[in-house]
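Chain letters run A, B, ... following the sequence lines, proteins first and then strands; every chain starts at 1.
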Amino acid sequence: MRLILNLDEDLSEFYALVANDPELSWAAAGSGRMLRTPTVFEAAVKTICTTNVAWSATVRMVNALVDNLGERAASGAHAFPTAEAMASVPESFYRETVRAGYRSAYLHALASGVVAGEFEIEELGLQADVPDDEIASRLLALPGIGPYGAAHLMMLLGRHSRLILDSWTRPKYAKINGRKAGDAAVQRRFRRYGRYTGLAFWLYLTRDWVPDEPVPGS
DNA sequence: CGTCCAGGTCTAC
DNA sequence: GGTAGACCTGGACGC
């Protein structure tokens, strides 16, 4: 559970930074915990399943993966499939059964690469000495993972330097901000948070998820 | 029933 | 190195 909620991560430096920002000071009360998955592989698969689709489709695809390839636990529930299980079925399975469309090739290639040792992604969450740029490069090398996916996965790994810019965060920022802003402008707005740039952006966007917090203009 | 598009990525200029 | 086009699917729309 500590892993899932990432409770061991030290965010004190970030809290000190937001204390000086009127629009983010609320976050110093202990926000910034990201839900993690047990494995980086699972997070990567789910991330691929979020790209260029509505959330309902993401849920549909992930459920299909779990139901068809996940090992049944003693409780009767299916676990998330292992890379081995996902590599053992052909790409056609992802098209025809999971209905993952063009993501099918990505999913199969990712699983196969992990099994073959080509992508050693489970280590990425542990190597604190490796700079964010290298972590990003490793993630961008994964099939179906681009700038959005890499930023998303890095947040889950406790690497908060990247902004998650996508069709949800861009308009959400514009709404809160009061007017549209280009990616570069958003980058500048949160630049002062340094290695917590992405986290500051994320909390700015999700402030209305926090119960009992008065949101300006709502 | 056709068009559009949703928490993008890849490839080819 | 930046930028169009293609890309699966299914649900939400307009007609």
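A:Val115 and A:Ile145 are not part of a single hydrophobic cluster, where members link through side-chain heavy atoms under 4.5 Å apart.
Rounded to the nearest Å, the gap between the C1' atom of C:dG11 and that of B:dT9 is 22 Å. Nucleotides B:dA12 and C:dC8 have their P atoms positioned 15 Å apart, rounded to a whole Å.
Between the side chain of A:Glu122 and the main chain of A:Phe41, a donor-acceptor pair closer than 3.5 Å is present. A donor-acceptor contact shorter than 3.5 Å is absent between the side chain of A:Arg162 and the backbone of A:Ala136.
Heavy atoms of A:Leu205 sit nowhere under 4.0 angstrom from any nucleic acid atom. Base engagement by A:Ile164 is indicated by at least one non-hydrogen atom pair under 4.0 Å involving a base atom.
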Determine, step by step, whether A:Thr206 and A:Lys172 satisfy the side-chain contact (heavy atoms from CB on, under 4.5 Å) criterion, reporting the C-alpha distance in whole Å, the side-chain angles of both residues, the deciding distance to 0.1 Å, and the verdict. CA-CA 9 Å; A:Thr206 58; A:Lys172 178 77 174 182; over 6 Å; no

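C:dG2 is paired with B:dC13 under the Watson-Crick or G-U wobble criterion, all donor-acceptor distances under 3.5 Å.
Between A:Asp21 and A:Arg189 there is a salt bridge, since at least one side-chain N of the basic residue sits less than 4.0 Å from a carboxylate O of the acidic one.
The CG atom of A:Leu153 sits 14 Å away from the P atom of B:dG8 (whole-angstrom rounding). Atom pair A:Ile145:CD1 and B:dG8:P shows a separation of 12 Å (rounding to whole Å applied). Computed from coordinates, the A:Asn52 CG to B:dT9 P distance equals 9 Å when rounded to whole Å. Between A:Asp166 atom CG and B:dC5 atom P the separation is 17 Å, expressed in whole Å. We find that CG of A:Leu142 is positioned 18 Å from P of B:dG8, with the value rounded to whole Å.
Checking B:dG8, C:dG11, C:dT9 against the side-chain heavy atoms of A:Ser56 singles out C:dG11 as nearest.
DNA chain B lies under 4.0 Å from at least one heavy atom of each of the following residues of residues 86-104 of chain A: A:Tyr102.
For B:dG8, the OP1/OP2 oxygens have a side-chain nitrogen or oxygen of A:Ser167 closer than 4.0 Å.
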